[in-house]
Each structure stands twice: as structure tokens, then as C-alpha cells.
Amino acid sequence: MSPALLLCILIGYFALLLGVAWATSRNATNDSFYIGNKSSNWKLVAFGMVGTTLSGVTFISVPGAVGRDGFGYMQILIGYVIGYIAVAFILLPLYYRLKLTSIYDYLNQRLGRRAYQSGASFFILSRLLGATARLYLVVNILQAIILDSLGVPFWLTTLVILGMILLYTYQGGVKTIVWTDTLQTSCMLFGLLACIAILLGQMDLSVGQGLARMQEQGLARVFTTAVDSPNFYLKQIVAGAFIVLAMTGMDQEMMQKTISVKTLADSQKNLLTLTVILVVVLSLFMFLGGLLYLYAPIAGVAATGDKLFAAVVMGHLPVALQIIFLIALISALFPSADGAITALTSTVCIDLLGLTRRQDLSERDKVRWRQRVHLGFAALFLVLVMAFKLVDSPSMIGVILKVASYTYGPLLGLFAFGMLTARTLRDRWVPLVAIGGPLICAFLEYNQTLLLGSYRLGLELLMINGILVFAGLWAISRPCHARISERDAAISLTVDV
């Protein structure tokens, strides 16, 4: 297919996003930008969050990893289900009870200003690295299939795409993203189903026959039983639960949309509906990966990993499916960046700059500050995407989960300490503890052969990191002897135990 035609499709899709943004951002305020005026429809939020949760990494990397790990991602998926249930019934009630705009304000109320700033700072680091890694993956594929042949450099492609995202999120924020994510999720899922249907047709297989072929070739294996393997099933399941607790329940981007729903009951429905949809969709992505690895030898495709999906579709499947693949890929691209830039802007403005608490600034001045921060993050995204271009890892999903193990561990430790104890902290030492956990984890991982023998660390690094931070916070804490007030009862789970 002509790269010029593909570029026209990209421009047309973006024009549609701008139309949605224009319709949803009229009369938008800072409150609209941060939490959608607390009036988002839970059904729309649940469906749109599928696109944010999956992103381009899932679209490309989960199918690509089947050749190496089979259906092993299902182990993590089981943990995801446990994690989402915990977020719905433990964290969400807390956030609604405190009427939070930023979830890190919980740390301020419970543990103090340094804990608050540490939590917000680690979220910024986590989301910056994770979102730019996701964005890099999809931009790199668009560059390969469209823009290299047109002579457009990678940096310019990234700049233009970030400019597009700025245009439709600049005014409306969460109020707009709830609707654009719904559109993008619909396109991504349609592309997934179309690719599965065409590949089954190309190989003249039914769903059952496809699964049987995958089992014959070892592509459908799920559980890893070797205890010393990084993919040992118990580690993966437990790690999956903690990944959701940290990367969803303690992540401002994900919770920003969830708490934009008016009531707690509807917000819980949103999260549980999201869980069901994710189980189905991720299972379909693994099935698609198996089909790609069955089809690749037939078509003479040598690509593997993240490069397999695009190589099969763009080189060997009908033009109509190539168009569907491109639209689905773009739809996977935007939710991985638009929500991240919006959430990062919210965190800096609310948690670090304190704009919502400033009485000396007019509403107009607060909007100007928010817009400057928004532009600053777009520029930072450009720099980090270029850095990932230099790294060019063959499997970005592994990179993202590894980054999460280091950057979300302190958040896990901070929130757990606040919710599971009634102790107070020596505030000035909190940043050192939050930084110390990841540093010790890095030392453990680098020296694991010497320290652990044949045992290999995997996703349990996130839990180890959280435990280290929790232990460090305990070491700098002291008992709270004061009578527990109603306010304290609202922000600590220990009162109910």
C-alpha cells in the first residue's frame, strides 16, 4: 500500500479526534481537566480505560512474546484479576471517602508533606518512563511502515504526533480523554478481531483447530513450574496482583479517570467491568500471537518479537487489513500518551505546585500555569522517546515491567505503610527511604548470581522494593499515642482491624 495513502488515513483519524475534542472541551475548566467535573459515565470510562491499560505495547508486544513464552502472560493475567478486585474494594472507598482529586493527597493527609511529594515524584518518574516507552514502540512502527519511505526523520514524526496529542487534550483534559479513549479502544478491538479472523481464514483453521496447532508447537503453554525461573507461575500471579495495585490503584493516570465517576458504586462497576474486558481481550491477543507464529513460516516471515505483527500484516495480508491494522495501531498509540501527559500535568499542578490551594492566583493564572506544564511534559516526552530510540529493545513490554518494578515499589511501600499502620513518620527521612528501596533492588539484581545462585529475580522485584520501603518507613517511624480522630479513621485501615 502507498505510504501516502497510509499518511492520509492517519491525518483523517486525527481530524476525527479533534472533532471529538472540540465537542467535549467547550466551557472546560481546571476541574474538567483534572477530574472531568466528577460527572463521567462509568460505562464510557470502563471501556475507554481498556485502551489506556493495553496501549501499543500490548498490541505489539504481547502477540510477539508468544514465540518465547507461549501463553505465559496468562499467569500475570490471573494476578491482574486479584489486583483489580483489591483496588475496587480497598483503595477506591478510601479515595472517595477523602474526596481526592490527586490520590497522592492521601499521603499528605496520612504521612506528611515529604511522603506526599515523594509519592507524586515517583509517579511522575514512573509514568514518564512507561508512557514514553509505549509511545516509542508505536511511533517506531509507524516510522518503518509509512514515514521512512517518505523521508521523514524519526524525531519529526514524534514531534508531530505529540503536537497532535497536545491539540486535543490541551483544553479538556480528562473530560475529553474519556470520550477519545472510548473511540480509540473501539478501533483497537475491531482491529484485533479482524486480524484474528483474516489469519484463521488464510490458514483455513477454526478457533479450535488453531488452538490445537498451537499446542502441538508448544505455543499455548501457560504455567512455568520451575521454581528458580523468573516466570515461575506463583511469582507471576502474585506479581500480577501487585502490578495492578501499584500501576492502577496507586497511579494518578488510571485513578484520575476512575474517580471522575460521580459515585463509588459506579466507580467500582467501572473497574470490575474493565477487569472482565481485559481478561477477554488479553486472551485474544495471546491467541493472535499464536496465529502469527503459525502463519510466519508459511509466509516466509523471519521477524520475531515486537516486529512480527507488523511484518506479517504489512507484507503478506490484504490491503483492507493493512488499513485496519494501521487504524488499530494508531488507536493503541494515543491512549498511551494522552492520558499520561494529562495525569502528569495534574500531578505537578496539584501536588508539587499546589495550584488548587493557591488563593493568590486567579483562575485564569492557574489555567496558564497548567498549560505551561502541559507543554513542558510534551517536550520531555520528545526527549525520552528519542532516548528509547537509542536503546531499541526487542521487547518493550519487558522493559516497561522492569521499569515499573523499580519506580512503583516506593509507591507500594508508602501507601501500604499509611493504610496498614497507625504510626507517624520522621518526615525529613522519607525521600531517602523512598530512593533507598530501588537502589537496594538494583544491587540485588546486579549481584543475583553471587547472592542467589541459580535463582533468577523476575517481577517479584516490585514486591521486594515495596517491602524494603515499608521496612525503611517503619525504621523512621514512631507510635502515634494520640487518640484517633474521625479524620484519622478515614485514612487508615488499621482502625477497622
Nearest heavy-atom contact between Leu461 and Ser405 is CB-CB, 3.8 Å
What are the two closest heavy atoms between Phe377 and Leu344, and how far apart are they?
CE1-O, 3.4 Å
Any non-hydrogen side-chain atom of Tyr116 less than 4.5 Å from a side-chain atom of Leu111?
no
Does Leu92 reach the side chain of Met255, with side-chain heavy atoms less than 4.5 Å apart?
yes
Specify the closest pair of heavy atoms between Asp251 and Met247, including all atoms of both residues, with the distance to one decimal.
CB-O, 3.1 Å
Given 3.5 Å as the limit, does a donor-acceptor pair link the side chain of Tyr106 with the main chain of Leu98, or not?
no
Gap separating the CZ atom of Arg127 from the OG1 atom of Thr407, nearest 0.5 angstrom:
9.5 Å
How far does CG of Leu382 sit from CG of Leu156, to the nearest 0.5 angstrom?
10.0 Å
Would you check, one step at a time, whether the test side-chain contact (heavy atoms from CB on, under 4.5 Å) holds for Val139 with Tyr136?
CA-CA 5 Å; Val139 172; Tyr136 157 72; 5.9 Å; no
Does any N or O in the side chain of Gln252 come within less than 3.5 Å of the main-chain N or O of Ile124, such that one atom is a donor and the other an acceptor?
no
So, Arg113 and Asp427, do they make that salt bridge, N to O below 4.0 Å?
no
Side chain proximity check, Leu94 to Arg97, heavy atoms < 4.5 angstrom:
yes
When every non-hydrogen atom of Leu193 is compared with those of Leu284, the smallest separation belongs to CD2-CD1, 3.9 Å
Could you check if a side-chain atom of Pro438 sits within less than 4.5 angstrom of a side-chain atom of Asn465, using non-hydrogen atoms only?
yes
Within the 4.5 Å heavy-atom criterion, are Asn140 and Phe154 side-chain neighbours or not?
yes
Distance, nearest 0.5 Å, that separates OG of Ser267 from CG of Leu271
6.5 Å
How close do Tyr95 and Met250 get, heavy atom to heavy atom, and via which atoms?
OH-CA, 4.3 Å
What pair of heavy atoms forms the shortest contact from Ser126 to Tyr408, and how long is it?
CB-CE1, 3.4 Å
Interatomic spacing from CG in Leu444 to CG in Leu439 - rounded to 0.5 Å:
11.0 Å
Within a strict 4.5 Å, meaning less than it, do heavy atoms of the Asn108 and Asp105 side chains meet?
yes
So that I know where these two stand, are Phe325 and Phe309 an aromatic pair - ring centroids less than 6.0 Å apart?
yes
Just wondering, do Thr258 and Thr248 contact through their side chains at under 4.5 Å, heavy atoms?
no
Assess the residue pair Tyr80 and Leu282 against the criterion (side-chain contact (heavy atoms from CB on, under 4.5 Å)); give the C-alpha distance rounded to whole Å, side-chain angles, the decisive distance to 0.1 Å, and a yes or no.
CA-CA 11 Å; Tyr80 284 176; Leu282 283 168; 4.2 Å; yes
For the side chain of Thr132 and the backbone of Leu129, is there at least one donor-acceptor N/O pair under 3.5 Å apart?
yes
Pairing residues for Tyr104 by the ring-ring contact (aromatic ring centres under 6.0 Å, His included) criterion, not counting sequence neighbours:
Phe123
Whether Arg114 side chain and Val430 backbone form a donor-acceptor pair below 3.5 Å
no
Can you check side-chain contact (heavy atoms from CB on, under 4.5 Å) on Leu278 and Thr275, steps first, answer last?
CA-CA 5 Å; Leu278 278 179; Thr275 304; 5.8 Å; no
From Ile243 atom CD1 to Met463 atom CE, the distance as rounded to the nearest 0.5 Å
8.0 Å
Side-chain atoms of residues 466-479: list all donor-acceptor pairs with protein atoms under 3.5 Å, sequence neighbours left out, distances to 0.1 Å.
residue: Ser477; atom: OG; partner: Arg423; partner atom: NE; Å: 2.7
residue: Ser477; atom: OG; partner: Arg423; partner atom: NH2; Å: 3.4
residue: Ser477; atom: OG; partner: Trp474; partner atom: O; Å: 2.7

When rounded to the nearest 0.5 angstrom, what is the spacing between CG in Leu411 and CG in Leu245?
12.0 Å
Heavy-atom side-chain contact between Trp369 and Cys349 under 4.5 Å:
no
